[in-house]
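Read through the structure below, which is laid out as structure tokens, and then see the notes.
A, B, ... follow the sequence lines: proteins, then strands. Residue 1 opens every chain.
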Amino acid sequence: MNDATSDNFDGSVADRLAAEALIVDVDGFEGPLDLLLTLSRTQKVDLRKISVLDLARQYLTFVEKAKALRIELAADYLVMAAWLAFLKSRLLLPPDPTEEGPSGEDLAAHLAFQLERLQAMRDVAAKLMARDQLGRDFFARGITQQVEQVRKVEYTATLLDLMQGYARIRTKDEFRPFVMDRDAVFTMEQALERMRGLIGFAGTWTAISSYMPEGWDADPVKWRSATASTFAASLELAKEGKVELRQSDTFAPIELRRRDGR
Amino acid sequence: MTDDTEIETKVEKSLFEAPPMGEQERMVEAILFATAEAVTTKELNDRMPHGADAAEALVHLRKRYEGRGVNVVKVGDAWAIRTAPDLGFLMQKETVETRKLSRAAIETLAIIAYHQPVTRAEIEEIRGVSVSRGTVDQLLEMEWIRFGRRRMTPGRPVTFVVTQDFLDHFGLESARDLPGLKELRAAGLLENRPPPGTMPNMGEGDVDSEEEIEEGQSELFED
Amino acid sequence: MTDDTEIETKVEKSLFEAPPMGEQERMVEAILFATAEAVTTKELNDRMPHGADAAEALVHLRKRYEGRGVNVVKVGDAWAIRTAPDLGFLMQKETVETRKLSRAAIETLAIIAYHQPVTRAEIEEIRGVSVSRGTVDQLLEMEWIRFGRRRMTPGRPVTFVVTQDFLDHFGLESARDLPGLKELRAAGLLENRPPPGTMPNMGEGDVDSEEEIEEGQSELFED
């Protein structure tokens, strides 16, 4: 890097040379901030004391040069150039009290902060990489031993299981699967069977209640079951196309008739 | 790295003075630790500074690891650090899975317990289905049953009896303590219905099995 | 089933007689020697007999290996045995050619380590360029960074933090031990300072993120 003092306002020859050297290597920069950081080094001062105004000038000179040399700069370099031109004008012109927004000094201070922070990150990154590293300076165990997963199945049975098992075998002839006792249930199968036998005579509309089994009306539980299954059986028969159903009104008796010839 | 010169001077110096034995021990320790396979004495010497004596360092190191969680052991003509044999259990993570014994296994086990010593053919007759080899193997493996004496009938079939482990597991002092059918019925484990006449053996069978248990027991205690 | 009582008595017994500390030290030694990865205290306790205190055993073990060829080192909340760094020159054979990290990757890694938890946008703000997907992917793949909690700001962006592997690789006990961390913090260079005036939301968002950093860091430092 060529010498460039911080007070060469018009951009000395050295400054220009430095800028040109940078341009040749423009692909080597990781964005405008990186370029600014490199440029700031030419000021040879602590980053905290950097002259942002000088830096802006250096950067703009750099961009001008690049344009003159017809080097295409990525958009973000140009955005930064525009912003720095703005910053430069803010820093040079006396502050306008009517103008809103941050002052030129605030913006410059933030830029200086960004540069300092980036530099700090680079320094610690270098420190980090200079540390002793695993697999390079210190080493892990060469012969490793994996923890074996041993899966053990333990079967259990209780005395009760055993006795029930034995009881089951010794009594299997008496054994019948558990079923609900169905004395009070008139199944749909029963209803269907009964109705199939009767519908042959149902030429005219008859209430389905007349198909209820005999002797089931005494017990209300039985009656309810018989009603449900008879109704379900009627629907089944209607689905099969054996009968027609009708009901004149809600809750009116449902009537049934044989469906002829079809 | 930049240490080249440093190493060089070290090497040169070491021609005259090998590192102290304590240092050599450290070196052998680090090499044995980090190398992926056992290392021969020659290889150790090659890797250590000139003038070092790996064999001697190994003697010290080996002593240092005596009785520790890992030991320096000789593997063929090479050396390695290995887990102490008594701590092998730390390298295993045992997961125990409890599973309910299958119905077939329980029934087979019950028949053996009530009728021991009993042959496979007899078990099949009582259960009314053939007994799979796997079921018997499983019970044998669990050490709940074992082979009893051979039956002195044609073919000399093997018999099965239950083991002490079985008794322990079910908290029984002897197989004799297993409740008989009558007690099962009284306990509500059997349907409280008189056995229908179709099962003429039932009453007898009860007696039979009692007898058999007697027999089995004595066998169980004999050996 | 019936073993419940047995297990209980076992557990109870071991509550009173954990293995002697010397034995516990051997166990920790064996476990740490067996693996290349760092092992957490919890995992050690899980693998050791009930009642054992890995943390105490580690104190003894660490002392025992001081100045030896291999050392007991702390990595986050885990422990590992590593060769002494001064003996690295013996290990050329063991050196694994590590993938060369690009400058972008190294910088990104450093930013994540020092600013964690940090969002991609914040990394880009610090570096002044967009972070390529490949860079982050590479670091994730190396398991040096992982996703942290989402930031509670609009868009709920993901954050990145460094991993235990990262600490292990660079021989750091905790992220607190990162070189120069204190100085950077004192200089205010780890603050998330918003560009002045640019975005009105920034201030708000910042308060949130400050909180999260605090939280995230304490998380990292505590365990």
Side-chain angles (χ1 to χ4, degrees), chain A residues 28-37 48 74 76 80 83 100-111 113-147 154-161, chain C residues 1-3 30-37 47 70-71 73 80-88 91 94-96 98 101 103-104 106-111 113-115 125-130 165 168-172 178-181 183-184 187-191 193-198:
Chain A
F29 289 102
E30 295 218 35
L33 208 55
D34 185 26
L35 173 57
L36 276 168
L37 194 57
R48 290 175 179 238
D76 48 348
M80 178 60 89
W83 187 81
E100 302 243 326
S103 69
E105 276 74 25
D106 288 346
L107 293 173
H110 186 71
L111 180 61
F113 168 75
Q114 281 181 294
L115 291 174
E116 199 192 344
R117 185 173 59 179
L118 181 58
Q119 186 57 52
M121 282 301 114
R122 289 197 173 157
D123 292 345
V124 292
K127 269 189 211 164
L128 194 62
M129 299 314 282
R131 283 185 72 86
D132 286 337
Q133 290 182 38
L134 180 65
R136 194 189 75 185
D137 307 294
F138 60 95
F139 297 83
R141 181 75 162 130
I143 306 171
T144 56
Q145 216 178 333
Q146 287 305 310
V147 180
E154 216 167 63
Y155 288 95
T156 60
T158 63
L159 193 55
L160 192 66
D161 293 332
Chain C
M1 301 275 150
T2 50
D3 304 25
I31 296 172
L32 291 190
F33 259 93
T35 51
E37 291 89 47
R47 281 173 67 181
V70 295
N71 305 138
V73 298
I81 295 181
R82 300 283 178 252
T83 61
D86 66 310
L87 298 178
M91 309 292 168
E94 261 55 62
T95 316
V96 241
T98 39
L101 280 180
R103 185 174 130 182
I106 292 172
E107 271 181 36
T108 304
L109 179 65
I111 291 169
Y114 285 81
H115 288 260
E125 151 90 15
I126 293 169
R127 293 196 64 228
V129 278
S130 61
D165 277 5
D168 193 13
H169 186 90
F170 292 100
L172 294 162
L178 283 165
L181 184 75
E183 293 83 346
L184 286 185
L189 289 169
L190 299 183
E191 282 164 28
R193 207 180 287 177
T198 39

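Contact annotation for C:I106: both backbone and side-chain heavy atoms come within less than 4.5 Å of a heavy atom of chain A. In this structure, chain A has no heavy atom under 4.5 Å from any part of C:I31. The parts of C:A36 that come within reach of chain A are both its backbone and its side chain, each placing non-hydrogen atoms under 4.5 angstrom from that chain.
Chain C forms more heavy-atom pairs under 4.5 Å with one residue of A:G31, A:A126, A:G142, A:A125 than with any other, namely A:A125. Per-residue counts of heavy-atom pairs under 4.5 Å with chain A were compared for C:A84, C:P85, C:A187, C:A80; the largest is that of C:P85. Counting heavy-atom pairs closer than 4.5 Å to chain C, the top-ranked of the candidates A:L37, A:D76, A:I143, A:D34 is A:D34. Interface summary for chain A: among C:P179, C:A104, C:G88, C:S130, the most heavy-atom pairs under 4.5 angstrom belong to C:P179.
Scored by the salt bridge (Lys or Arg N to Asp or Glu O under 4.0 Å) test, A:R131 finds no partners at all (sequence neighbours excluded). Residues passing the side chain to side chain contact (heavy atoms under 4.5 Å, CB included) test with A:E105 are A:L91, A:S103, sequence neighbours excluded.
A donor-acceptor contact shorter than 3.5 Å links the side chain of A:R141 to the backbone of C:F33.
Nearest approach of A:L118 to C:R127, heavy atoms of both residues: CD1-CA, 3.9 Å. Taking all atoms of both residues into account, the shortest heavy-atom contact from A:F138 to C:D168 is CZ-O, 3.4 Å. Contact record, C:T83 with A:F139: OG1-N, 2.7 Å, taken as the closest heavy-atom pair.
Looking at C:R103 and A:R122, their side chains come closer than 4.5 Å, going by heavy atoms from C-beta outward. In this structure, A:L33 and C:V129 have side chains that are not in contact, with every pair of non-hydrogen atoms separated by 4.5 Å or more.
Atoms CE and OG1, on A:M121 and C:T108 in that order, are 11.5 Å from each other to the nearest 0.5 Å. To the nearest 0.5 Å, atoms CG (A:D137) and NE2 (C:H169) are separated by 8.5 Å.
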Quiz item: Would C:E125 and A:Q114 count as a side chain to side chain contact (heavy atoms under 4.5 Å, CB included) if you check the C-alpha gap in whole Å, the side-chain angles of each, and the deciding distance to 0.1 Å?
Solution: CA-CA 9 Å; C:E125 151 90 15; A:Q114 281 181 294; 3.6 Å; yes
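Salt-bridge check for C:R82 with A:D132: failed, with every basic side-chain N at 4.0 Å or more from each acidic carboxylate O.
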